[in-house]
Amino acid sequence: MRKLIPFGLLLAGLAACALNPPATGPDRAERRISADDMLRHIQQLASDEFEGRAPGSRGEQLTVDYIRREFERLGLEPAAADGSYVQAVPMVGINSTPSLTFKVGGQELKPLRSMEDYVAWSARPVEKTRVEASELVFVGHGVQAPEYGWDDFKGMDLRGKTLVMLINDPAIPDPANPSRLDPRMFKGSEMTYYGRWTYKFETAARLGAAAAIIVHETGPAGYPFDVVRHSWGHKNLGLADSKALLHPPVSAWMQQQSVSELMKAAGFELAALKQAALSRDFRPVALGIQARIDVSNRVEKLDSRNVVARITGSDPALRNEAVVYTAHWDHLGIDTALPGPRGRQIYHGALDNAAGVASLFNIARAFKALPERPRRTVLFIATTAEEQGLLGAQHYVGQPLLPLDKTLLAVNIDVLNAYGRTRDLRIIGAGRSDVDELVVREAQRQGRTALPDAYPELGSFYRSDQFEFAKAGVPVLFLKAGTQVIGKPEAYGGERRHDYVSHRYHKVDDVVEEHWDLSGAVEDLQVLFRVGLSVANGDRRPQWRPDAEFQRPGR
């Protein structure tokens, strides 16, 4: 892996390249980060009472009030422009009812079932969207990446077409070791932004496509089709009218088996087309399938909120600079179509991300326990609508409360380690900035090792709020739990993660469990606290590495 080599050298040269020595007095302060306190907040925010914390719902009002009261109780100052703890985030909510029919040679094919075979919606805030007689074109992974000499479109005019696209990046075998992926192409096994569903819909919109269908496969996507159903099969949100610009008129995911049967009816084999799509020479394939898509939308305006608080910096020359901590408060609300009692219809979102909000509170407790305030301002943002496309973070970046060019670092927290202390922790997006050096140092202080992402193929760097800050040029930090759990078999950490993704992630079963052990989460948050404190008090600004895809504007 290309990224792992410099990261390994970084470990060896840590003493020489650390950004700043740790600030004085953090030891007592970091002990204010408490597993019991975190658990108390998670239990409340993930309770049935909070109704799954959907933006625009009664659950949002309860959640925002809870966070505001806790920020106030902790002695944090309100950070919004109007002197409150609330930053308004105007949105539009869209409930889509789709119908897809396909014809081959004038013959209508067997109807597909919405929410079973596919999930489709329109992000356009209009009541009706219709796609008539749109030809399906298979475009491989839907990637245009000049730095890799890759173009899946080859100049084909795709206006009005329905694009069928594979999820993730092209998986190119390494010629020297065919069992591994080529590290020179799309970062080997690490997903790039080209592999992300957002890139694929954005590209389809830019090319003037009428619709885009992403072929769902659990492995390359990183989650089962249930996650697609629960994430996009109900109300979809956008920032005012802006989300429509990032999508074609109709967006869809379709089960791999359904796509395979559709192609077979037209004389194509999906497996053969997937293999062809692994070549630079691949050209779009017109499938001879005509699509008719009707989407009825129920559109409503929706007012949501980020909750914002701060500790103003103590240095008059630096207090207009900031370190930002973010965690999204929202989850997926209630689905009354699910069977069972009300508690089985609520997406509780205990780890995702009541745990992150509880983390914000505890890191704020640590900062407030310092003998003196940091030199720079520390800003805490509980964001809305992360589950709907990082919308709260996107809105904040568009309307920041402190200038982005004076925001030195954005630290995001999304899902905690609930299975105990680990010998390692994982830096998501390792190798992109010199913030890694601070994480390595603080992990070593705990007797732990900071390592790159254990599952780089999932593209986690692009899937949470830190990505919006990174796109705007702000260096970011996003940690995930280590995999080497102390006192457990070697495979235990990976097994627990797999169990969570398979059985709880974006399901009603993401609840507080008796066997949780948050001691490892405490250590992870202590690292985040110390890194943020070091930047807030330090003399050097964190920097992107020269080969990172993100840089500050004007660099």
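Everything quoted here is computed from the prediction, not taken from an experiment.
- A salt bridge links R184 to D182: at least one charged side-chain nitrogen sits closer than 4.0 Å to a carboxylate oxygen.
- A salt bridge does not link R180 to E457: none of the charged nitrogens lies less than 4.0 Å from a carboxylate oxygen.
- Classification of R196 and E202 as a salt-bridged pair fails, no side-chain N sitting under 4.0 Å from a carboxylate O.
- Relative ring orientation between Y194 and Y199 is described as perpendicular, the plane-to-plane angle rising above 60° on a 0-90° scale split at 30° and 60°.
- Ring geometry for F550 against F467 counts as perpendicular: the plane angle is over 60°, on a 0 to 90° scale with 30° as the lower cut.
- The line from CG of N412 to OG of S464 is 4.0 Å long, rounded to the nearest 0.5 Å.
- Ionic pairing of K264 and E261 is not present here: no N-O contact between side-chain nitrogen and carboxylate oxygen is shorter than 4.0 angstrom.
- In this structure, F361 and I67 have side chains that are in contact, with non-hydrogen atoms separated by less than 4.5 Å.
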Quick one, Y500 with Y419, criterion ring-ring contact (aromatic ring centres under 6.0 Å, His included). Give me CA distance, side-chain angles, the key distance, then yes/no.
CA-CA 11 Å; Y500 175 73; Y419 43 79; 9.8 Å; no

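- Salt bridge status for D509 with R344: present, with a side-chain N to carboxylate O gap under 4.0 Å.
- Salt-bridge formation is detected for the pair R421/E523: a Lys NZ or Arg NE/NH1/NH2 atom is positioned less than 4.0 Å from an Asp or Glu carboxylate oxygen.
- Between D152 and K154 there is no salt bridge, since none of the side-chain N atoms of the basic residue sits less than 4.0 Å from a carboxylate O of the acidic one.
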Check the pair T422, I486 against side chain to side chain contact (heavy atoms under 4.5 Å, CB included), reporting the backbone distance first and the verdict last.
CA-CA 5 Å; T422 61; I486 296 171; 5.7 Å; no

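- The aromatic rings of F201 and W197 stand perpendicular to each other, their planes meeting at an angle above 60°, with 30° marking the opposite boundary.
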Between F461 and Y193, does a ring-ring contact (aromatic ring centres under 6.0 Å, His included) hold up when you go through it step by step?
CA-CA 9 Å; F461 186 81; Y193 189 56; 9.9 Å; no

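- Exactly one residue among M191, M185, K187 makes a side chain to side chain contact (heavy atoms under 4.5 Å, CB included) with D169. That residue is M191.
- Distance NZ/K235 to CG/N297: 12.5 Å, rounded to 0.5 Å.
- At a threshold of 4.0 Å, the pair R432-E190 counts as salt-bridged, since one of the basic side-chain nitrogens sits closer than that to a carboxylate oxygen.
- Using a 30° and 60° split on the angle between ring planes, F186 and Y148 fall in the tilted class, from 30° to 60°.
- Salt-bridge formation is not detected for the pair R280/D151: no Lys NZ or Arg NE/NH1/NH2 atom is positioned less than 4.0 Å from an Asp or Glu carboxylate oxygen.
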Take W121 and W253 through the test ring-ring contact (aromatic ring centres under 6.0 Å, His included) and record every step on the way to the result.
CA-CA 9 Å; W121 68 98; W253 288 75; 8.1 Å; no

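- Salt bridge annotation for R448-E442: absent, with no cationic side-chain nitrogen under 4.0 angstrom from a carboxylate oxygen.
- The residues K274 and E217 are annotated as salt-bridged, a charged nitrogen and a carboxylate oxygen being separated by less than 4.0 angstrom.
- Between the side chains of D465 and T383, at least one donor N or O lies within less than 3.5 Å of an accepting N or O.
- Under the 6.0 Å cut-off for aromatic ring centres, H230 and Y347 qualify, their centroids lying closer than that.
- The distance from atom CG of L390 to atom NE2 of H395, rounded to the nearest 0.5 Å, is 14.5 Å.
- Checking Q446 against R423 by side-chain atom types alone, no donor-acceptor pair falls below 3.5 Å.
- Taking the six-membered ring where tryptophan is involved, the planes of F138 and F282 are perpendicular, since the angle between them exceeds 60° and thus also 30°.
- Note on D499 versus R496: no salt bridge recorded, every NZ/NE/NH1/NH2 to OD/OE distance being 4.0 Å or above.
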